[in-house]
Amino acid sequence: QVQLVESGGGLVQAGGSLRLSCAASGRSFSRYAMGWFRQAPGQEREFVATITWSGGSTDYADSVKGRFTISRDMDKNMMYLQMDGLKPEDTAVYYCNADSHYEGIYHPNYWGQGTQVTVSS
């Protein structure tokens with residue numbers, strides 16, 4: 001059974017940093033594209049960032065470009081989201097996800113339970 005578990009969320013002041021981690025287990029994720037989505041209260045879940053299985057290609061939402069960095073360690077089946085220059089509007093539950101059939105368009109079919117990130121002004 002595939003399992004994705006996020007960690008690293010918390011409360012931080014505006015301008016601060018957090019690093020989210022996602023531990024993947026259940027099978028080899030080396031060929032999966034992986035990514036992060038987030039959902040703020042009262043809003044729809046939105047795309048944040050993705051990374052291909054090789055780590056050679058990344059994509060970011062315009063709202064986080066230049067501030068967030070996605071990375072992965074295939075040997076450890078781990079994925080990370082380094083978040084710098086955090087803003088109150090980044091407050092949301094952040095979800096780790098994976099696409100086992102990625103062919104250029106990211107449609108995750110595995111999801112974690114989420115970790116809360118709260119940025120105070």
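Values below: all heavy atoms of this structure, side chains included; hydrogens, waters and symmetry mates excluded.
Among all heavy-atom pairs drawn from A98 and L4, the shortest one is N-CD1, 3.9 Å. Scanning both residues, N97 and P108, for their nearest heavy atoms gives CB-CB, 3.6 Å. Nearest heavy-atom pair, D84 versus S17, reported as atom, atom and distance to 0.1 Å: OD1-OG, 2.7 Å.
Note: E6 CD to Q116 CD = 12.0 Å, rounded to the nearest 0.5 Å. With values rounded to the nearest 0.5 angstrom, L18 atom CG is found 4.5 Å from M83 atom CE. Atoms CD and OG, on Q13 and S121 in that order, are 9.5 Å from each other to the nearest 0.5 Å.
When the side chains of ILVMFWY residues are joined at heavy-atom separations under 4.5 Å, either directly or via intervening members, F47 and V64 end up in two distinct hydrophobic clusters. L86 is connected to I70 through a chain of hydrophobic side-chain contacts under 4.5 Å among Ile, Leu, Val, Met, Phe, Trp and Tyr, so both are in one cluster. Hydrophobic clustering (side-chain heavy atoms under 4.5 Å, transitive across Ile, Leu, Val, Met, Phe, Trp, Tyr) keeps Y106 apart from L81. The cluster map of Ile, Leu, Val, Met, Phe, Trp and Tyr, joined by side-chain heavy atoms under 4.5 Å apart, puts M34 and V2 in the same cluster. Under a hydrophobic clustering in which Ile, Leu, Val, Met, Phe, Trp and Tyr are joined whenever their side-chain heavy atoms come within less than 4.5 Å, directly or via other members, V93 and L20 fall into different clusters.
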Walk me through it: do Y60 and R67 pass the test side chain to side chain contact (heavy atoms under 4.5 Å, CB included)? CA-CA 10 Å; Y60 297 91; R67 300 187 298 121; over 6 Å; no
Could you give me the CA-CA distance, side-chain angles and deciding distance for Y102 and T50, then say whether side chain to side chain contact (heavy atoms under 4.5 Å, CB included) is met? CA-CA 11 Å; Y102 179 74; T50 57; 5.9 Å; no
Side chain to side chain contact (heavy atoms under 4.5 Å, CB included) for Y32 and M79? Distances and angles first, verdict last. CA-CA 11 Å; Y32 290 15; M79 181 179 63; over 6 Å; no
Trace of the side chain to side chain contact (heavy atoms under 4.5 Å, CB included) decision for C96 with W36: CA-CA 5 Å; C96 166; W36 296 90; 3.9 Å; yes
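Here the side chain of R72 pairs no donor or acceptor atom with the backbone of A33 at under 3.5 angstrom. Panel note: side chain Q82, backbone T69; no donor-acceptor pair is recorded below 3.5 Å. In terms of modelled atom types and a separation under 3.5 Å, the side chain of T91 and the main chain of V119 share a donor-acceptor contact. Between the side chain of T52 and the backbone N or O of S57 there is at least one donor-acceptor pair closer than 3.5 Å. Judged purely by atom type and a 3.5 angstrom limit, D99 uses its side chain to pair as donor or acceptor with the backbone of H107.
For the ring pair (Phe, Tyr, Trp, His ring centres under 6.0 Å) condition, no pair includes a residue of residues 76-98, sequence neighbours left out.
Taking a cutoff of 4.0 Å between a charged side-chain nitrogen and a carboxylate oxygen, K65 and D62 qualify as a salt bridge.
Heavy atoms from other residues, nucleotides or ligands lying under 6.0 Å from CD of Q113 number 12 at most.
For the pair S63 and R38, the minimum side-chain heavy-atom distance is below 4.5 Å.
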